[in-house]
Amino acid sequence: MMAIAAQYMGHKVITLDPNPNCSAAKVSDELIVAPYDDVENLLRLAYACDVITYEFENVSAKALHEIEGCVRIPQGIRLLEITQNRRFEKEFLTNEAKVNVAPWQLVDSAEKLPEIITRKQVLKTTTGGYDGHGQVVLNADENLSAAKSLTELSECVLEDFISFEREISVIISGNGHEYVVFPLAENEHRENILHQTISPARISAEITENAYKIATSIAEKLELSGVLCVEMFLTADGQIYVNELAPRPHNSGHFTIEACDFNQFDLHIKGILGEDLPEPKLLKAAIMLNVLGQHVEAVKNLNHEHSDWHQHDYGKADAKHNRKMGHVTILTNDFDQTINEIKATKIWD
Ligand code: AMP
């Protein structure tokens, strides 16, 4: 989707990906098939390009340091290092950006666990976690053995479980000195995987403004170029906790493709190129649903009854259970009615 945005703006796109059948292969001028830490091939990419962008936080930061003198990497390597490691991320959010995060502490060995788990908490590995992998919810002694195994994998952070009312995210784009936000997204996760995004989020203007301010202060500290997603928890009494950062266009911003005048991919490309950034406008409210492997067959039949729902297929070969295969965006004048229509399909039950 990022490549498509770059292409229509007239840029050439070369993609480096270990998978020859990756989604971007179909929309790139050239594909370099190589691991993300293959310095020789990264150098090939660097010499062929004016600007490099990453859209996956497990790209090797070490390898990017090897090529940084040869090409512009506007998002920066530090942002990648921060978002690759929950400890660095929390330290940055707490000490530099000075935003609210769930109270947390570092755990480097299993022995200490029984004495430090005093309430409902979440243990997360500092590296390698995604979509709920590498984390476990703990309540006193419950799940202690799963927690012990996590600490054997890597250093962990132990954070308070936040009884949130809603999960929200701000997609923000920067060009190094100015920052624009997309309409606030309200997210529902199932099994820790994003299931649905509603925008604009059904919360007050005041809390929406607070969420934008938090995201903007993070972007300013980073002198952000390109898109950043700031995922947050919102509690019933209006408190916001920053949960996680993604240094790239994000699944919870996919609704912007149809719902906004400029989408997150457009403003990522403009941002990394240092162009002036328009304030993106919401043209119509939207609900986005992820299409996972188990939904693919049923979604194919939607077109007859719901020809006005926008279906996106990422062209991935294997429709595995819980693998993100595409998404559907529904523009709407009435969230409740659309939610009922979604329920009636029984696809996402
Ligand atoms: P993460 O990988 O940190 O984005 O976590 C995945 C999902 O787990 C989040 O979107 C939340 O639904 C849930 N979660 C993570 N951390 C917490 C927490 N401290 N309190 C409550 N729920 C959490």
Side-chain angles (χ1 to χ4, degrees), residues 56-58 79-80 82-94 97 99-107 113 116-140 142-143 146-147 150-151 153-172 184-199 201 203 211 214-215 218 227-255 288-290 292 322-324 327 348:
F56 175 52
E57 47 272 50
N58 290 323
L79 176 59
L80 195 60
I82 290 173
T83 52
Q84 278 175 350
N85 185 307
R86 289 188 195 269
R87 173 188 179 174
F88 300 159
E89 188 169 88
K90 289 196 189 291
E91 285 172 350
F92 165 76
L93 290 169
T94 316
V99 296
N100 202 22
V101 300
W104 67 281
Q105 61 184 295
L106 207 58
V107 177
L113 280 174
I116 55 178
I117 298 166
T118 51
R119 50 194 178 273
K120 195 166 181 188
Q121 284 158 301
V122 188
L123 187 75
K124 301 177 178 179
T125 54
T126 50
T127 54
Y130 69 97
D131 284 350
H133 296 274
Q135 61 177 272
V136 55
V137 177
L138 299 154
N139 217 341
E142 227 174 85
N143 289 338
L150 273 196
T151 58
L153 286 179
S154 101
E155 184 182 53
C156 291
V157 294
L158 180 68
E159 62 185 51
D160 280 9
F161 184 90
I162 305 296
S163 296
F164 53 78
E165 191 185 60
R166 287 175 203 273
E167 291 193 72
I168 54 178
S169 57
V170 180
I171 308 287
I172 184 164
L184 191 65
E186 172 187 333
N187 303 316
E188 184 191 328
H189 291 84
R190 291 188 182 170
E191 295 179 55
N192 286 329
I193 301 169
L194 184 67
H195 160 61
Q196 176 179 278
T197 295
I198 291 182
S199 187
I203 60 173
I214 290 169
I218 294 170
V227 160
L228 177 79
C229 172
V230 185
E231 292 188 77
M232 306 171 181
F233 300 138
L234 171 64
T235 59
D237 60 355
Q239 291 232 60
I240 293 177
Y241 296 84
V242 175
N243 175 40
E244 205 174 29
L245 305 177
R248 52 173 168 78
H250 189 254
N251 195 173
S252 67
H254 287 358
F255 72 92
M288 190 263 352
L289 292 144
N290 266 337
L292 305 180
N322 279 355
R323 185 178 193 204
K324 290 175 185 171
H327 70 268
W348 289 273

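For ligands, and for the atoms within them, numbers begin at 1 and follow the listed sequence. For reference, positions follow the sequence shown, starting with 1. The basis for the numbers below is simple: all heavy atoms, side chains too, and nothing from hydrogens, waters or symmetry mates.
For the atom pair CG (L150) and CG (L123), the distance works out to 5.5 Å, reported to the nearest 0.5 Å. A distance of 8.5 Å separates OG1 in T197 from NE2 in H250, rounded to the nearest 0.5 Å. The distance from atom CG of L245 to atom CG of L79, rounded to the nearest 0.5 Å, is 7.5 Å.
Listed by number with element, the atoms of ligand 1 under 4.0 angstrom from any heavy atom of E159 are 16 (N), 17 (C), 18 (C), 19 (N). Interface atoms of ligand 1 facing K124, defined by a heavy-atom separation under 4.0 Å, are 3 (O), 15 (C), 16 (N). Atoms of ligand 1 found under 4.0 Å from any heavy atom of H189, numbered from 1 in the order shown, are 10 (O). Those atoms of ligand 1 that come under 4.0 Å of a heavy atom in Q135, given as number and element, are 1 (P), 2 (O), 3 (O), 5 (O), 6 (C), 8 (O), 15 (C). Below 4.0 Å from some heavy atom of E167 lie the following atoms of ligand 1, by number and element: 9 (C), 10 (O), 11 (C), 12 (O).
Taking the six-membered ring where the residue is Trp, H254 and H327 present tilted rings, their angle falling between 30° and 60°.
Considering K90, Q105, Q135 as possible partners of E159, the one that fulfils the side chain to side chain donor-acceptor pair (under 3.5 Å) test is K90. For the pairing with R86, the side chain to side chain donor-acceptor pair (under 3.5 Å) check across E91, E155, E244 returns one residue only, E244.
Residue D160 places a heavy atom less than 4.0 Å from ligand 1. The shell of residues lying under 4.0 angstrom from ligand 1, judged by heavy atoms, includes R86.
Of the polar atoms of F164, none of the N or O atoms is found under 3.5 Å from an N or O of ligand 1, judged by distance alone.
With hydrogens and angles left out, the side-chain atoms of T127 and N85 include no donor and acceptor closer than 3.5 Å.
Closest heavy-atom approach to atom 14 (N) of ligand 1 among the candidates W104, F233, F161: F233.
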